[in-house]
Amino acid sequence: MDDFGSNLLISAIVVTHNSVENIAPCLASLEREILSTGGEIIIYDNASHDATVNSIRHRFPEIKIIASSDNIGFASANNAAARQAQGRYLLMVNPDLILDEGCPKILVDAYKNNKLAGAVCPRLRHPDGQFQATCRNIPTPRNIFFSRGSWLGRRKPGLGEKEIYTLGDYETTTEVPAAAATCLLVEREFFIKLGGFDERFFMFMEDTDLCVRIGQGGRKIYFVPEAGGVHLWGKGADISVFRRAWYQHLSVWKYFLKYYPNGFSLFLLPAALMINMIVSLLRSAGRSSGRGKR
């Protein structure tokens, strides 16, 4: 029997939090790609106070839902779902992602065809069809100031290809240092062996940290352009701009404290992150104000 057609080859995990607005297209694509091939879909709902859970139960009764009374964060929620998963592979999927036809099978084939694979990710695009970058180099004190989340992100003075933070597109399956958990396939046994996501990260940077540990475990991460999906970017959960910015900057600081426990991480970086967060929030408020005047 073909491996992909066997029972519970893939457990797709979706973490939700006030995700009712965009969850249906995501789950419809997962229903088509996962349930129809004998896999399972696990929703871990992080204490949504909208109609997310009820809408899923009504429209997708075959999907397993773990409804938490507390918001435990993205990393912890994925770990909790992974412990209940039965599939050989875990497919982490954001609730604002719509998978292309055949995406999971292509990812599984790529994983099996690359003996050192520890994780594989697809080529994502924006709703207008433009490429969406989800792969990156490992953060360093040099490149972090020119990451996509930095107000200096469009300036890369003196940085070579291996030093920049956000990576571009590739035409063939390519090894990358790290990939976002927007859509990421890993072998469940290996994921559990690594300890899953580091739960000190509430949201953001948990995927980069996982990729670092995958590399330390002797495995590699691969970008697979033949697999794809449309990502609505930031539409997966209804949270405030401030909370999103806060968790993003806090997680960057925690990451550097973990891997660079030095004076830079203790003193310089938190000040720089605070300035960057303030500038980012002011720019976001300015854009919102500008749209409101049109």
Those residues at least two apart in sequence (or on a different chain) that pass salt bridge (Lys or Arg N to Asp or Glu O under 4.0 Å) with Glu187 are Arg88
If you count every heavy atom of other residues, nucleotides or ligands that lies below 6.0 Å from Glu175 atom CD, does the total exceed 12? yes
Can you sort out the partners of Glu199 under side chain to side chain donor-acceptor pair (under 3.5 Å), two or more places apart, ordered by chain and number? Ser76, Asn79
Tyr89 ring center near Tyr111 ring center (under 6.0 Å): yes
Within 6.0 Å of CD in Glu171, more than 12 heavy atoms from elsewhere: no
Just wondering, do Leu167 and Tyr170 contact through their side chains at under 4.5 Å, heavy atoms? yes
Would you say the side chain of Thr173 lies within less than 4.5 Å of the side chain of Glu226, judging by non-hydrogen atoms? yes
Is there a donor-acceptor pair closer than 3.5 Å between any side-chain N or O of Ser251 and the backbone N or O of Gln248? no
Does any non-hydrogen side-chain atom of Phe191 lie less than 4.5 Å from one of Met92? yes
So, does Asn113 use its side chain to make a donor-acceptor pair with the main chain of Asp109 at under 3.5 Å? yes
When you check the gap from the basic side-chain N to the acidic O, do Asp100 and Arg125 get nearer than 4.0 Å? yes
Ring pair (Phe, Tyr, Trp, His ring centres under 6.0 Å) partners for Phe204, two or more places apart: none
Side-chain donor or acceptor of Trp253 paired with backbone N/O of Leu273 under 3.5 Å: no
Taking the side chain as every heavy atom from C-beta outward, state whether Thr140 and Tyr260 have any pair of such atoms under 4.5 Å apart. yes
Hey, is the main chain of Thr172 close enough, under 3.5 Å, to the side chain of Thr174 for a donor-acceptor pair? yes
Do Arg136 and Thr208 have a side chain donor and acceptor closer than 3.5 Å? yes
Under the 3.5 angstrom rule, does the side chain of Asn114 hit a backbone N or O of Ala110 as a donor-acceptor pair? yes
Under 3.5 Å side-chain donor-acceptor pair for Thr52 and Asp50: yes
Flag the pair Asp96 / His231 as yes when at least one side-chain heavy-atom distance between them is below 4.5 Å, and no otherwise. yes
Considering only heavy atoms from C-beta outward, does the side chain of Ile10 approach that of Val108 to under 4.5 Å? yes
I want to check something: taking the side chain as every heavy atom from C-beta on, are Cys121 and Val224 in contact at a cut-off of under 4.5 Å? no
Using a strict cut-off of less than 4.0 Å between a Lys/Arg side-chain nitrogen and an Asp/Glu carboxylate oxygen, indicate whether Arg213 and Asp198 qualify as a salt bridge. no
Gap separating the CG atom of Leu281 from the CZ atom of Phe242, nearest 0.5 angstrom: 7.0 Å
Flag the pair Tyr259 / Tyr255 as yes when their ring centroid distance falls below 6.0 Å, and as no otherwise. yes
Is the closest side-chain heavy-atom distance between Cys211 and Asp207 below 4.5 Å? no
Going by distance alone, is a donor N or O of one side chain under 3.5 Å from an acceptor N or O of the other, for Asp45 and Thr16? yes
